[in-house]
Structure formats: C-alpha cells, structure tokens
Participant: 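Pasting a structure below so you can have a look.
Reckoned from all heavy atoms, side chains included, excluding hydrogens, waters and symmetry mates. When a ligand or atom number is given, it counts from 1 through the structure's own listing order.
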Amino acid sequence: MRVVSIVGARPQFVKVAPISWITKDVCEHLILHTGQHYDHALSDAFFADLDIPKPVETFNVGSGSHAEQTAGILVKTEAALIRLKPDIVLIYGDTNSTLAGSLAASKLGIKTGHIEAGLRSFIRSMPEEINRVVSDHLSDILFAPTNTAVNNLKREGLGDKTLSVGDIFIESFNYMVNKIKKTDYLVRKPYLFTTIHRAENTDMKERLEKIVSKLASSKIPIHIYAHPRLIKQAKLFNVNLNQGSIIVHEPVTYLETIKSVLEATGVVTDSGGLQKEAYLSKTPCLTIREETEWLETLNGDWNKLDPNLDLISTSWWESKGDHDPFKIFGDGSTSKKILNSILSI
Ligand code: UD1
C-alpha cells in the first residue's frame with residue numbers, strides 16, 4: 001500500500017510526524033511538501049526535531065494571495081499524484097495546502113483522509129474555516145480529534161465517514177518532551193511566550209497597534225517569537241514591535257518552543273497549536289481571539305479567550321493548581337488508529 005501525505009505549513013509537519021513513524025516498516029509512506037512554508041525555522045527545523053523523513057518532492061510554491069498559493073499547489077499536487085498513484089492521500093489541518101490537496105486528490109478519485117477534521121470556528125471570514133469545511137466535505141475518511149469535532153461533523157451530515165481517533169498532536173508533543181531534560185524546565189521563568197500570526201490580528205493597522213500596545217504594557221516580560229507575517233505587517237503599518245515590555249525574537253525550533261512553553265510563566269497566542277501545547281504543559285494561556293476551535297481547553301481556566309488582552313496585566317496568571325491535560329485529547333494512540341483505518345480501505 002502507498003500512502004501519500006500532503007503538507008506545507010508548520011503545524012502540518014507536527015501532525016505528519018507520528019504518521020511517518022508508525023507507517024515505517026508497515027506500508028510505503030511518501031511526503032509531498034507544497035513549499036507553503038519555506039524558511040528554515042518554519043520548515044526544515046521541524047523535520048529535523050521530529051525526525052521526519054525527507055519529502056519525496058517539494059514544490060516550492062511559496063507565498064502569494066490565497067488564489068495564487070492554492071492554485072499553485074493544486075496544479076503541482078495533481079501532477080505529483082498522477083505520477084505517484086497512491087492508494088490513499090492524507091491531508092492535515094486547515095491551511096491552503098490542505099484545501100489544494102483535498103481538491104487535487106478527490107478530483108482524481110483517490111481516497112482521501114483528513115487528519116484533524118471537524119474543527120470549526122463558525123467564522124467564514126477566517127481562511128482556515130473555508131479550508132476546513134471544503135476539505136471535510138471532499139474527504140472520504142474524517143479523523144476527528146475531539147468530541148466537539150465529531151459533533152460538528154455529525155451536524156453537517158458527515159457522521160458516517162467520521163472516526164473519533166483523538167489528537168495526533170499529543171504524540172509529537174510527548175516526543176519533544178522526551179527529548180528535553182526535565183532539569184531544563186523545573187523552575188518557571190518570568191516571561192510570557194508570545195506569538196501572533198493570524199490575519200485577523202495582523203492585517204489591520206488599528207488591530208495590530210492595539211495588541212502591541214497591550215503587550216508593551218504587560219508587567220511580565222513579553223517574548224514575541226515573530227512569524228514573518230507579523231514582521232511584514234508591522235513594517236507595513238509602521239508599528240514598532242520593540243517597545244515597553246516586548247522583546248522580539250526570530251521563530252524558534254519546535255524543540256525550543258516546547259521547552260519554552262514548559263518553562264514560561266504563561267503563553268499569549270492566536271495559534272491553535274500553542275493553545276494545546278500550553279494546556280498540555282500546564283502553562284496558562286491567553287488566546288488573542290474571540291473564539292477557539294479547541295473548546296475543551298477552556299474548561300478549568302487554563303486557556304482564556306481574551307481578544308483585547310484585558311487580562312494581561314492582572315493576577316490571572318497566578319496559581320492555577322493542577323489538572324490532567326491528557327484526558328480530553330485521547331490516549332496517544334491516534335496514529336495507530338489512523339493506520340488501522342487506512343490499512344482496511
Ligand atoms: C498559514 C496557515 C495557517 C497556519 C499558519 C501556521 C493558511 C491560509 N494559513 O498561515 O492556518 O496557522 O500557516 O504558521 O494556509 N512567510 C515567510 N516565510 C515562510 C512562510 C511565510 O516569510 O516560510 C511570510 C510571507 O510573507 C507570507 C506570510 O508569511 O506572505 C504568510 O504566510 P502564509 O503561508 O500565506 O500564511 P501563514 O500566516 O503562515
């Protein structure tokens with residue numbers, strides 16, 4: 001059996017890793033890299049940290065408008081799939097690479113499995129929401145990570161092709177934690193690990209200015225690990241990121257990210273992945289959004305939706321007690337469940 005995974009952006013490398021480990025010696029697994037993310041820190045560094053085998057092809061599609069990027073990936077993916085003739089294609093998450101991958105595979109009549117299916121923000125102005133909805137409806141098998149995702153898919157009439165498998169993400173998280181020495185994060189350090197990259201937070205001047213000024217006024221130092229989109233937009237709008245409590249860094253590797261999340265006082269982010277990494281690390285997280293697809297992380301006051309960062313300089317960060325973060329994301333056997341499912345097609 002030949003399985004082809006289509007990935008292109010940072011969070012997808014995290015999700016493909018456990019599939020690459022579990023398929024080894026069982027079936028042929030080939031990775032197509034669309035090239036949506038191309039900087040070393042956003043791409044190659046993830047392959048290295050997670051011991052992911054090299055892609056069989058990289059398209060170097062790069063950046064562009066949604067239409068340009070999606071169309072570029074679509075054309076190259078179709079040609080590659082015709083050459084490779086997979087038995088099944090796996091797509092991951094909600095990026096433009098996911099959308100183009102699902103379109104190319106389904107129109108060629110190739111069975112398609114969507115890993116991390118069923119997430120919804122119910123906000124159609126988010127490009128990721130459009131990518132999720134289309135990819136779920138086109139795919140043949142929907143691997144849902146949470147009960148919320150399963151219910152979303154049932155509501156859209158997709159229950160028959162849905163499998164509840166837990167979150168593949170925790171396998172990569174655990175893999176990283178095992179690579180880090182416990183002594184490296186025994187003592188919490190006084191800083192907030194911060195990332196901002198979503199269009200709704202970076203692409204309007206007033207919105208970006210407001211977020212930056214709130215961060216600058218934080219009592220706890222803010223370490224921003226700046227995605228290239230943030231740097232680009234801040235320059236465009238003449239917003240100075242280096243002000244007040246803010247210290248700007250380049251994006252760090254996955255290993256460094258997990259280590260930092262484990263040792264930081266808190267996380268401030270608009271990323272879906274970081275909300276979960278914080279939750280699993282028992283690190284409190286303020287999410288700079290009005291909604292989250294990971295509703296389960298809102299139980300117990302560990303993750304708080306705070307679109308205007310009203311809580312940043314309050315005592316919210318203090319003494320959160322304990323919780324069992326693994327209860328809601330499955331038992332770490334997601335990749336095994338996915339493998340069993342694809343072997344039976
Ligand atoms: C994409 C995904 C988003 C995901 C995020 C993870 C879509 C619509 N969005 O957003 O769901 O959460 O990845 O990081 O697919 N750039 C570089 N170097 C790179 C990549 C991008 O400089 O290696 C810059 C370019 O200026 C580009 C901008 O970042 O225009 C945005 O990149 P893009 O891939 O379009 O979207 P992300 O914001 O990364």
Side-chain angles (χ1 to χ4, degrees), residues 6-16 33-50 55 58-74 76-77 91-103 114-117 119-121 123-136 169 172 193-204 207-208 211 224-237 241 248-254 257 267 269-277 287-289 291-294:
I6 300 169
V7 292
R10 187 164 58 168
Q12 297 172 316
F13 309 138
V14 175
K15 290 162 209 157
V16 77
H33 187 331
T34 66
Q36 177 170 349
H37 283 175
Y38 42 88
D39 286 353
H40 176 81
L42 302 193
S43 176
D44 294 353
F46 280 75
F47 279 75
D49 280 352
L50 287 158
T58 302
F59 303 149
N60 299 320
V61 168
S63 306
S65 72
H66 283 275
E68 285 165 345
Q69 194 174 57
T70 309
I73 299 169
L74 183 58
K76 301 221 164 159
T77 304
I91 53 167
Y92 299 78
D94 57 15
T95 73
N96 289 342
S97 300
T98 319
L99 172 66
S102 65
L103 275 170
H114 185 194
I115 295 182
E116 205 179 80
L119 296 196
R120 296 290 181 269
S121 64
I123 312 247
R124 284 285 165 99
S125 56
M126 271 180 85
E128 290 85 358
E129 182 76 355
I130 296 170
N131 295 344
R132 290 175 194 133
V133 171
V134 176
S135 300
D136 282 341
F169 191 87
S172 296
F193 184 94
T194 303
T195 73
I196 311 159
H197 78 284
R198 291 210 178 262
E200 62 265 30
N201 285 334
T202 56
D203 290 8
M204 279 170 299
R207 176 80 188 133
L208 185 59
I211 292 174
I224 294 190
Y225 294 84
H227 185 289
R229 179 197 278 275
L230 174 64
I231 300 286
K232 187 170 108 184
Q233 294 303 107
K235 218 178 251 167
L236 181 72
F237 298 144
L241 293 176
V248 181
H249 304 265
E250 302 260 314
V252 278
T253 64
Y254 193 50
T257 299
V267 166
T269 192
D270 58 8
S271 146
L274 263 169
Q275 288 172 56
K276 288 188 293 171
E277 278 146 9
T287 295
I288 324 170
R289 290 182 57 193
E291 71 295 307
T292 179
E293 298 79 14
W294 300 103

Participant: Students should be able to answer this: which protein heavy-atom is nearest to atom 18 (N) of ligand 1, and at what distance?
Facilitator: Asp39 OD2, 3.0 Å
Participant: Do you know which two heavy atoms are closest between Pro251 and Arg10, and how far apart they sit?
Facilitator: CB-NH1, 4.3 Å
Participant: Apply the test side chain to side chain contact (heavy atoms under 4.5 Å, CB included) to residues Asp94 and Leu119: give CA-CA distance (whole Å), side-chain angles for both, the deciding distance (0.1 Å), then the verdict.
Facilitator: CA-CA 9 Å; Asp94 57 15; Leu119 296 196; 5.6 Å; no
Participant: Starting from atom 34 (O) of ligand 1, which protein heavy atom do you reach first, and at what distance in Å?
Facilitator: Gln36 NE2, 3.1 Å
Participant: When you measure from atom 25 (C) of ligand 1 to every protein heavy atom, which one gives the shortest distance, and what is it?
Facilitator: Ser63 OG, 3.3 Å
Participant: Aromatic rings Phe47 and Phe13: how do their planes relate, parallel, tilted or perpendicular, breaks at 30° and 60°?
Facilitator: tilted
Participant: Do Glu129 and Ser121 have a side chain donor and acceptor closer than 3.5 Å?
Facilitator: yes
Participant: Verify the distance criterion only: is there a donor paired with an acceptor across the side chains of Ser97 and Tyr92 at less than 3.5 Å?
Facilitator: no
Participant: Identify, by atom number and element, the atoms of ligand 1 in contact range of His227, meaning under 4.0 Å from any of its heavy atoms.
Facilitator: 14 (O), 29 (O), 37 (P), 38 (O), 39 (O)
Participant: Just let me know how Pro11 lines up against ligand 1, side chain, backbone, both or neither, with a heavy-atom cut-off below 4.0 Å.
Facilitator: side chain
Participant: Just need the protein heavy atom nearest to atom 16 (N) of ligand 1, so name the residue and atom and give the distance.
Facilitator: Tyr38 OH, 3.5 Å
Participant: Taking only heavy atoms of Asp94 into account, list the atoms of ligand 1 that are under 4.0 Å away from them.
Facilitator: 11 (O)
Participant: Considering heavy atoms of the protein only, find what lies nearest to atom 30 (O) of ligand 1 and give residue, atom and distance to 0.1 Å.
Facilitator: Lys232 NZ, 3.2 Å
Participant: For a quick test of reading the model, state the closest non-hydrogen atom pair linking Gly8 to Thr34 and the distance between them.
Facilitator: CA-OG1, 3.2 Å
Participant: Below 4.0 angstrom from a heavy atom of Leu42, which ligand 1 atoms are there? Numbered from 1 as shown, please.
Facilitator: 19 (C), 20 (C), 23 (O)
Participant: Counting only heavy atoms, tell me which of Met126, Arg229, Gln12, Glu129 gets closest to atom 28 (C) of ligand 1.
Facilitator: Arg229
Participant: Around atom CD of Glu250, are there more than 12 heavy atoms of other residues, nucleotides or ligands at under 6.0 Å?
Facilitator: no
Participant: What part of Thr95 sits under 4.0 Å from ligand 1 if we count only heavy atoms: the side chain, the backbone, both or neither?
Facilitator: both
Participant: Considering the heavy atoms of Gln69, write down every atom of ligand 1 situated less than 4.0 Å from one of them.
Facilitator: 34 (O), 35 (O)
Participant: Could you check atom 11 (O) of ligand 1 against the protein and tell me its nearest heavy-atom contact, residue, atom and distance included?
Facilitator: Glu128 OE2, 2.8 Å
Participant: Do Ser43 and His33 have a side chain donor and acceptor closer than 3.5 Å?
Facilitator: yes
Participant: Verify whether one side chain among Glu277 and Thr257 offers a donor that lies under 3.5 Å from an acceptor in the other.
Facilitator: no
Participant: Kindly give the heavy-atom pair with the smallest separation between Ala100 and Ile73, and that separation in Å.
Facilitator: CB-CG2, 3.5 Å
Participant: My understanding is that we take every heavy atom of each candidate and find the minimum distance to atom 13 (O) of ligand 1. Doing that for His66, Arg10, His197, His37, which one comes out nearest?
Facilitator: His37
Participant: Any idea which protein heavy atom is nearest atom 22 (O) of ligand 1, and the distance to it?
Facilitator: Pro228 CB, 3.1 Å
